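Below: one structure, written as structure tokens.
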Amino acid sequence: MPAEEPAAAPPTLRQRRRAAATQEILDAAESHITEHGAAALSLRAVARSLGMTVQALYHYFPSRDDLVTALVTKAYDDLADAARAAVDAGTGDDPALPRLVAAAEGYRRWAITHPERFRLLYGTPLRYYTAPVEGPTTQAMRRMSAVFEREMFDGFTATQLAAADTPALSPALRAHLAQLPPSGLGDLPPPATALLMSAWGHMHGLVVLEVFGHTSFLGDHQAEIFRMAMRNMFEDVRGRIPVAEQGTTATDPRPHPHPHTCEA
């Protein structure tokens with residue numbers, strides 16, 4: 001029998017204090033964004049709100065970019081948690097509600113509850129900020145999108161997804177989709193990736209319109225319109241995927257563990 005791996009050593013007092021201070025800084029930065037917007041974020045303002053010097057804050061976040069990266073990563077993680085929690089909570093008043101629609105509604109609720117943090121992710125890019133390539137923000141975004149990939153295509157085989165009824169994809173687009181990293185959308189057949197991106201744009205576009213106030217004329221009926229749109233979108237996408245041949249078993253189409261089992 002293989003030897004058991006030794007248990008990880010518990011964090012030291014110094015590590016626990018640093019983690020607590022880091023979380024306090026992130027909380028203060030999120031409060032600053034909520035009150036003043038992401039464009040007004042600065043290390044000096046965050047340090048002032050905590051009663052510390054900028055030099056002391058540098059020990060935790062050496063630059064504004066480091067703080068923004070941490071905030072974006074946390075926002076994607078929180079958004080993924082909201083979508084997953086909505087799925088885990090069940091379908092509530094509608095037993096027939098697809099899990100994908102529940103996830104989309106969790107996404108929407110988080111966005112309208114935290115509009116400034118949502119704008120940090122999807123609003124006007126912050127000047128002079130560039131996210132690190134294949135860094136924590138990319139990984140967090142993938143963890144978040146993995147929730148929707150799973151709920152959209154759960155139960156279908158790779159063969160079914162590859163045969164999805166989509167307009168013919170150009171050879172150049174197919175080649176581009178095929179070379180996406182496996183940790184992202186590269187583990188899906190190109191037709192499935194195209195369907196997922198189209199559905200994502202539909203869902204996200206409606207949320208953006210609401211967060212930015214463009215559907216306020218609907219009043220309290222925005223949630224109902226959103227649910228109707230998500231149901232229609234889900235049924236359209238699933239209807240484009242052929243039924244499995246008799247005698248075959250639908251399995252997970254992904255050759256690798258889903259990113260959310262390892263998170264945006």
Side-chain angles (χ1 to χ4, degrees), residues 26-42 45-46 64 67-89 92 94 97-131 136-149 151-152 196-234 236-237 260 263-264:
L26 288 174
D27 290 344
E30 286 178 352
S31 296
H32 188 81
I33 288 175
T34 298
E35 185 174 354
H36 304 287
L41 181 67
S42 72
V46 173
R64 172 178 169 272
L67 178 58
V68 171
T69 294
L71 289 168
V72 170
T73 301
K74 186 172 182 297
Y76 274 127
D77 284 340
D78 289 350
L79 188 50
D81 288 344
R84 278 199 298 262
V87 172
D88 294 341
D94 186 351
L97 190 72
R99 288 163 57 92
L100 184 280
V101 177
E105 291 184 335
Y107 182 98
R108 171 186 171 270
R109 281 193 297 271
W110 188 91
I112 62 178
T113 304
H114 307 280
E116 292 301 336
R117 294 182 67 199
F118 185 79
R119 289 187 178 101
L120 174 66
L121 298 179
Y122 297 114
T124 303
L126 293 180
R127 294 185 67 186
Y128 311 118
Y129 172 74
T130 302
T137 57
T138 301
Q139 299 306 318
M141 179 181 66
R142 287 173 179 165
R143 290 194 296 270
M144 188 267 297
S145 64
V147 177
F148 295 93
E149 179 186 334
E151 300 307 336
M152 179 67 78
L196 183 62
M197 292 306 301
S198 177
W200 177 270
H202 188 171
M203 178 198 76
H204 179 70
L206 287 174
V207 174
V208 168
L209 287 174
E210 184 171 356
V211 169
F212 284 81
H214 298 299
T215 55
S216 59
F217 63 91
L218 294 171
D220 296 335
H221 304 291
Q222 293 179 94
E224 182 179 350
I225 291 292
F226 184 79
R227 174 173 287 194
M228 179 192 70
M230 292 303 96
R231 276 183 178 277
N232 291 342
M233 177 267 290
F234 178 76
D236 176 69
V237 170
H260 87 275
E263 292 326 39

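The basis for the numbers below is simple: all heavy atoms, side chains too, and nothing from hydrogens, waters or symmetry mates. Remember, it's a predicted structure, so these values are computed and weren't measured experimentally.
Using a 4.5 Å heavy-atom threshold, the side chains of Gln222 and Phe226 count as separate. Residues Phe212 and Arg119 have side chains in contact (heavy-atom distance under 4.5 Å, counting atoms from C-beta outward). A 4.5 Å side-chain heavy-atom check between Phe118 and Ile112 finds every atom pair outside the cut-off.
How far CG of Leu206 is from CE of Met228: 9.0 Å, rounded to the nearest 0.5 Å. The distance from the CZ atom of Phe148 to the CG atom of Leu196 is 10.0 Å, given to the nearest 0.5 Å. The CG atom of Leu71 sits 6.0 Å away from atom CG of Leu41, with the distance rounded to the nearest 0.5 Å. Residue Met152 holds its CE atom at 12.0 Å from OG of Ser145, rounded to the nearest 0.5 Å.
Nearest heavy-atom pair, Ala28 versus Val46, reported as atom, atom and distance to 0.1 Å: CB-CG1, 4.2 Å. For the pair Ala131 and Thr137, the tightest heavy-atom approach, listed with the atom from each and the gap, is CB-OG1, 3.6 Å.
Looking at residues two or more places apart in sequence or on another chain, you find no salt bridge (Lys or Arg N to Asp or Glu O under 4.0 Å) involving Asp27. When the salt bridge (Lys or Arg N to Asp or Glu O under 4.0 Å) test is applied to Arg117, the partners found at least two apart in sequence or on another chain are Glu30, Asp78. Applying the side-chain contact (heavy atoms from CB on, under 4.5 Å) test to Leu126 and every residue at least two apart in sequence or in another chain returns Ala38, Arg64, Val68, Leu120, Tyr129. By the side-chain hydrogen bond (donor to acceptor under 3.5 Å, both in side chains) test, Asp236 is found to be paired with Arg240, residues two or more places apart in sequence or in another chain being considered. By the ring-ring contact (aromatic ring centres under 6.0 Å, His included) test, His36 pairs with His32, sequence neighbours left out.
Using a 4.0 Å cut-off between charged side-chain N and carboxylate O, Asp81 and Arg84 make a salt bridge.
For the pair Arg99 and Phe234, the NZ or CZ position fails the cation-pi test of under 6.0 Å to the six-membered ring centre and within 45 degrees of the ring normal.
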With a cut-off of 3.5 Å and sequence neighbours excluded, list every side-chain donor-acceptor pair involving residues 100-111.
residue: Glu105; atom: OE1; partner: Arg227; partner atom: NH2; Å: 3.0
residue: Glu105; atom: OE2; partner: Arg227; partner atom: NE; Å: 2.7
residue: Glu105; atom: OE2; partner: Arg227; partner atom: NH2; Å: 3.4
residue: Tyr107; atom: OH; partner: His204; partner atom: ND1; Å: 2.8
residue: Arg108; atom: NE; partner: Glu210; partner atom: OE1; Å: 2.9
residue: Arg108; atom: NH2; partner: Glu210; partner atom: OE2; Å: 2.9

